[in-house]
Protein chains: 4
Amino acid sequence: MAAALPPVPESSEPPRRGRRKEARPGELLDAALDLFVEKGFAATRVDEVAARAGVSKGTLFLYFPSKEDLFKAVVRKNIAGRFPEWDLEMETFEGTSSELVQYCFQTWWERVGSTKASGLGKLMLSEANNFPEIAEFYRREVVEPGHRLIRRILQRGMDRGEFRTLDLDHAVYLVLAPLMFLMFSQPSLSLCIPNPDTFSAQEYIRLQAENVLQGLCVRPT
Amino acid sequence: MAAALPPVPESSEPPRRGRRKEARPGELLDAALDLFVEKGFAATRVDEVAARAGVSKGTLFLYFPSKEDLFKAVVRKNIAGRFPEWDLEMETFEGTSSELVQYCFQTWWERVGSTKASGLGKLMLSEANNFPEIAEFYRREVVEPGHRLIRRILQRGMDRGEFRTLDLDHAVYLVLAPLMFLMFSQPSLSLCIPNPDTFSAQEYIRLQAENVLQGLCVRPT
Amino acid sequence: MAAALPPVPESSEPPRRGRRKEARPGELLDAALDLFVEKGFAATRVDEVAARAGVSKGTLFLYFPSKEDLFKAVVRKNIAGRFPEWDLEMETFEGTSSELVQYCFQTWWERVGSTKASGLGKLMLSEANNFPEIAEFYRREVVEPGHRLIRRILQRGMDRGEFRTLDLDHAVYLVLAPLMFLMFSQPSLSLCIPNPDTFSAQEYIRLQAENVLQGLCVRPT
Amino acid sequence: MAAALPPVPESSEPPRRGRRKEARPGELLDAALDLFVEKGFAATRVDEVAARAGVSKGTLFLYFPSKEDLFKAVVRKNIAGRFPEWDLEMETFEGTSSELVQYCFQTWWERVGSTKASGLGKLMLSEANNFPEIAEFYRREVVEPGHRLIRRILQRGMDRGEFRTLDLDHAVYLVLAPLMFLMFSQPSLSLCIPNPDTFSAQEYIRLQAENVLQGLCVRPT
DNA sequence: AATGAATGAGTGTTCATTCAT
DNA sequence: AATGAATGAACACTCATTCAT
């Protein structure tokens, strides 16, 4: 009620109908990420996204031509768009390939696995059948770059004589499976990991990395 | 129950009218399983379930008060216990623990991973948030027994001095993660495994088992 | 208010939720014809059509998969579907070709021009650009059969030596133009025919037929 | 007005800022005419009109309080009076009345039928119900003068003994119907004239004029 | 005067659910 | 017990209109 008074200066709060063009897309993407992860693609209503971002439905469509495009933008901002950076990091890594794999597991957890972006992976899994176009987008922009990144890491290890000769088509999954399992499990944790109190994601990551390297390395540590 | 069947001639073709009423719910559950697994909960229309079961939509609601109840019934019916059998199999296994782990990976694929049951796992993952009650049930009746089974296998290996000392709380996932990843990926294969033509589930299973054992065994094979 | 009383026998009035499957489509088509003609295709809301037919919006979509299909059905019922009858009538006509032309003008007025179906023609004219699929349908199912019918009539007159040699591609419009002009003008009569009180459609039809025949006949009557 | 132009350098390219304000409404009306004629009233979006006129949507609403008002202004601007000129032309025509009728058909096509103005006629037809006020205006300023012009021509023919005695109230349409039919058909040509490649508007005009005269003249040419 | 970001009412279509027969 | 006709809430997207700058 009191808040409805028109001439309240309301300190630093942004003007109701302000020119916010720069900020809007980001706010909408954040709101969308939250809701998509929480409720899934189909079950998330665009009104809700708009409301959470503090704008009207119409405004959302001002910035994103459709719900699907909104989703793609969310994926791009939170995952797809970060591969260049990750690729570069890998190219310029200076340690052994074992260290690189460990670094990979660790930073994946910090930057993706433990963040809300992790929910996007599970989301795709659930909705892929019903939204083939989105699935294709995700495959192209996320899954394939991810596979390529890991293949390059394994190849690096083989080239340097650190890893034994591998059938890359299947070996990628030695790295991917543990990460993806954790990603998929994360949002409904207790379903897949029935004793959350004796479970430490950090320790999971460490152990899986160690184990993978046992199999990978020419001479196990 | 089966003895209570009315005096139907029991000819090979089911009688048009007066079809065994007791069979209805079962037929509906079968149809629902197929469709839920194929398209997910939200995208499955009850008309379709009814149609596939050969009854009208109204009839479905005669047996299941709502779509959600139908879903619950499907899960309840299909995830019941194969565990006693598997537990026994493990207890009486006579080879080395390495062989047992390999046997495990292999039979899991044959009996679960490659069957429709695999779809149910992903389905649960997707819908766990919407059906906490079912999720809890699934956790208790499927996830926990599974964990316990694997823990026992690892414990057996440690007891016999075949496996090195393990933190079981995290080591279970060395076995589980590869299997679960494949299970979750299976229904929308090309999403997670972008080159299905160069991918062999059999080879995946073999490699993952081999790799896990590298880390597990005191002296790698 | 009083009508809202639940247990009024209300005499012959059909039951609110009766099994009306046979009657429904017809009622919907009638309602749709009225509204389409009155307000145009785009401006007619399907809720309104349903309401006028005394059913809910959902019911409409039970019988017609889309608004466009509803419209097509309206056109088919009121115009397109009647060409077989008209074609036959023409084939079996026994008088002179002059009489046939006069009969044509006259019956067109009675069966189309003076009825609500007349509004459909103008409707198509207005909406053709925005709904190309509908326009194509109308062209195929109404315009072309109409042209063919008239061409056959003119050809008959030429074959019998009653009409002079004609360039059919343009002569069709000697017959069509007066009829179509009246059809298009009808719904907003006073716009095109500024003195409706001194205007008789019957006389218009008679005069136009007479005039056309003057030009058509080898030896004017 | 034109003399009041500010001291713009009058270079061939219009100055970016400070463009002549007076021109705005005119540019908007021109853009609106094009679009209304092309797409109809409802299907024309005001953004588009504004864009085509090179201004923002907000500016449009500065000059025209609503889309409807814009429409009214378009009609008012474009259907004003060419009739004085045409009336004069008719009064001073020196040939036979047959020739006058032929001249009429021909020049109508050149000056109206084949121009954008033709689209306005159809537009009025479509929107007359929604804009009764405009319809009345159109009737008064366009339709009635047109009728009067044709009546005078027919009267001239009768007075000179060239045309037979006519019931003018209906005979006007002998001339009007063919022209109006072509006018209405023009914008969505293929709808009314299903074989545009075998159709020549010139030949249509010629044939219709010839045919009308057959009926009109005391002794057909 | 001019902008363009923001709004929100409006619409075709879907589908779980009801209920008269 | 079984049907299937009927319902109506829900939802993505559009676009004329407003208004702070």
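Every chain is numbered from 1, with letters handed out A, B, ... down the list of sequences.
- In terms of phosphate contacts, C:Y63 brings a side-chain nitrogen or oxygen within less than 4.0 Å of OP1 or OP2 of F:dA6.
- Residue D:E27 contributes atom CD, which lies 16 Å from atom P of E:dA1 at whole-angstrom precision.
- Rounded to whole Å, the distance from CG on B:L60 to C1' on E:dT18 is 14 Å.
- In terms of modelled atom types and a separation under 3.5 Å, the side chain of B:K67 and the main chain of B:A42 share a donor-acceptor contact.
- Among the nucleotides E:dT3, F:dT7, E:dA6, the one closest to the side chain of A:L62 is E:dA6.
- Considering only side-chain N and O atoms, B:S56 lies under 4.0 angstrom from the phosphate OP1 or OP2 of F:dT3.
- Atoms NZ and CG, from C:K39 and D:N129 in turn, are 11.5 Å apart once rounded to the nearest 0.5 Å.
- Both A:F61 and C:K57 lie near DNA chain F, and the one whose nearest nucleotide falls closer to the 5' end is C:K57.
- In the region residues 65-77 of chain D, proximity to DNA chain E at under 4.0 angstrom, judged on heavy atoms, holds for none of the residues.
- Consecutive Watson-Crick or G-U pairing (both distances under 3.5 Å) extending over three or more pairs maps onto DNA chain F as E:2-21 with F:2-21.
- Separating the CE atom in C:M124 from the CZ atom in C:F71 is a distance of 5.0 Å, to the nearest 0.5 Å.
- Atom CZ of B:F64 is separated from atom CG of B:D69 by 9.0 Å, given to the nearest 0.5 angstrom.
- For the contact set between residues 34-48 of chain A and DNA chain E, defined by any heavy atom under 4.0 Å, there are no members.
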